[in-house]
Protein chains: 2
Amino acid sequence: MSISAEQFFLNYLEETGLNMTPQRMSIVQTFLETEGHFSADRLCELVREKAPEIGQATVYRTLKLLIESGLADTIDGPDGGVLYERAYGRAHHDHLMCLKCKRKVEIFDPVIEERQEQIAREHGFTLTRHRMYLYGLCPDCASDD
Amino acid sequence: MSISAEQFFLNYLEETGLNMTPQRMSIVQTFLETEGHFSADRLCELVREKAPEIGQATVYRTLKLLIESGLADTIDGPDGGVLYERAYGRAHHDHLMCLKCKRKVEIFDPVIEERQEQIAREHGFTLTRHRMYLYGLCPDCASDD
DNA sequence: GTGTTTGCAAACACTTTGCATCCAA
DNA sequence: TTGGATGCAAAGTGTTTGCAAACAC
């Protein structure tokens, strides 16, 4: 976590032999400014508020680079859609979400993380990454019933 | 697990005011005969091997019913696609998959299950369901490097 | 200059829908 | 008889791609 996210992305581009461009810069900045989870389409809107001339294909292409570089991460909702969130400079976490109001809580549990490693090891697997989603009703929605 | 899967589905249809039809019967049977994880498209193919006249829309519609009834469950692969598997009469489990050869191992860990409940409770959530995917390299693929 | 990147629109894969017809109860 | 079910084809999603022009280095 010693270098900035922008620098991190620049390094990635360089290593991969790709160029920085105004469009990519805009998209990365917007991405970094945006909190929480959002769809590709939503990011597109946000980018275009500042730079309407940027095509959606470019946003999709850049989002792909962000993921490959490790700046971004995807999450998949219970409904099937794909969302993105910032990953670089943040600790790993999983998600707990409310099926009704869609509220999301980021969670982290060392016990679970440890068991995951353990389980993979028992099967001879080398663990690369994992995803865990807990779905249920938040306190507010549970009491609405 | 006291009644058969077919009966279970019949009950669901009845409760929901829907009818059993030859097409649904074919699809459910094919679904139950098919081991492992498969795409909607793959199920379509299998169904059509026996009953070529069944439309894909019907397969999709029936698959939806299978999920609503609880007979089927969806899983999402690391690559984004949606797969289906049999759920009724089987214990809950999570998945460990090889990123290279796509091999999948079904796993279950009481410690993790317990912690998940615990975490949800700590946040005031009522847990409905969860998904956990572990991704990595299986023994064979790891040694290929 | 040369290879990369862009915007556009068309292509894509997968899933859902509208509709006229057909069928189960 | 009547509301649900079907097949077909068309319409949606959300994402990717081909291409000629524009650009970064």
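Every chain is numbered from 1, with letters handed out A, B, ... down the list of sequences.
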Exercise for the section: Pull out every residue in residues 10-22 of chain A that has a heavy atom closer than 4.0 Å to any atom of DNA chain D, ordered by number, or say none. Expected result: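 Hits under 4.0 Å, by residue number: A:N19, A:M20, A:P22.
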Problem - Interface with DNA chain D, restricted to residues 51-60 of chain A and to heavy atoms under 4.0 Å - result: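 By residue number: A:Q56, A:A57, A:Y60.
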Practice task
Could you name each residue pair satisfying side chain to side chain donor-acceptor pair (under 3.5 Å) that touches residues 16-32 of chain A, not counting sequence neighbours?
Solution key: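 Residue pairs with at least one partner in residues 16-32 of chain A: there are none.
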Problem - Residues in salt bridge (Lys or Arg N to Asp or Glu O under 4.0 Å) contact with B:K50, at least two apart in sequence or another chain - result: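 With sequence neighbours excluded, B:K50 shows a salt bridge (Lys or Arg N to Asp or Glu O under 4.0 Å) to B:E33, given in chain and number order.
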Practice task
Flag the pair B:E106 and B:R90 as a salt bridge only when some basic side-chain nitrogen lies within less than 4.0 angstrom of an acidic carboxylate oxygen.
Solution key: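 B:R90 and B:E106: salt-bridged.
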Handout entry: Cationic N near anionic O, under 4.0 Å, A:R48 to A:E45
Key =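 Here A:R48 does not pair with A:E45 in a salt bridge, since their nearest N and O are not under 4.0 Å apart.
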Practice task
Could you tell me whether A:R61 contacts a base, only the sugar-phosphate backbone, or nothing, with contacts defined as non-hydrogen atoms closer than 4.0 Å?
Solution key: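 Counting heavy atoms under 4.0 Å across all strands, the contact made by A:R61 includes a base.
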Handout entry: C:dT17: pairing nucleotide in any strand, Watson-Crick or G-U under 3.5 angstrom
Key =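 Partner of C:dT17: D:dA9.
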Handout entry: Interatomic distance where CD belongs to B:Q23 and P belongs to D:dT6 [whole Å]
Key =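 After rounding, the reported distance stands at 5 Å.
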Handout entry: Whole-Å distance separating the CZ atom of A:R42 from the P atom of D:dG14
Key =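 My rounded result for the distance is 14 Å.
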Exercise for the section: Using the ring-ring contact (aromatic ring centres under 6.0 Å, His included) rule, collect all pairs that involve residues 3-23 of chain B, keeping only residues at least two apart or in two chains. Expected result: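 ring-ring contact (aromatic ring centres under 6.0 Å, His included) check on residues 3-23 of chain B returns B:F8-B:Y88.
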Problem - Minimum side-chain heavy-atom gap B:R103-B:L96 below 4.5 Å - result: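 No, too far: nothing below the 4.5 Å cut-off.
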Exercise for the section: Answer whether the closest heavy-atom distance between the side chains of A:L83 and A:D76 falls below 4.5 Å. Expected result: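 The answer is no, as the side chains (C-beta and beyond) never meet within the 4.5 Å cut-off.
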Practice task
Consider only side-chain N and O atoms of B:E85 and B:H93, and report whether a donor and an acceptor are under 3.5 Å apart.
Solution key: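 Distance-only check passes for B:E85 and B:H93.
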Handout entry: Whether B:H95 and B:Y133 hold their rings parallel, tilted or perpendicular, with breakpoints at 30° and 60°
Key =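 B:H95 vs B:Y133 ring planes: parallel.
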Exercise for the section: Considering only heavy atoms of chain B and a distance under 4.0 Å, specify the first and last nucleotide of DNA chain C in 5' to 3' order that meet this criterion. Expected result: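 The protein-touched segment is C:dC14 to C:dA25.
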Exercise for the section: Applying side-chain contact (heavy atoms from CB on, under 4.5 Å), run through B:R42 and B:Y84 and close with a yes or a no. Expected result: CA-CA 10 Å; B:R42 175 73 186 130; B:Y84 300 83; over 6 Å; no
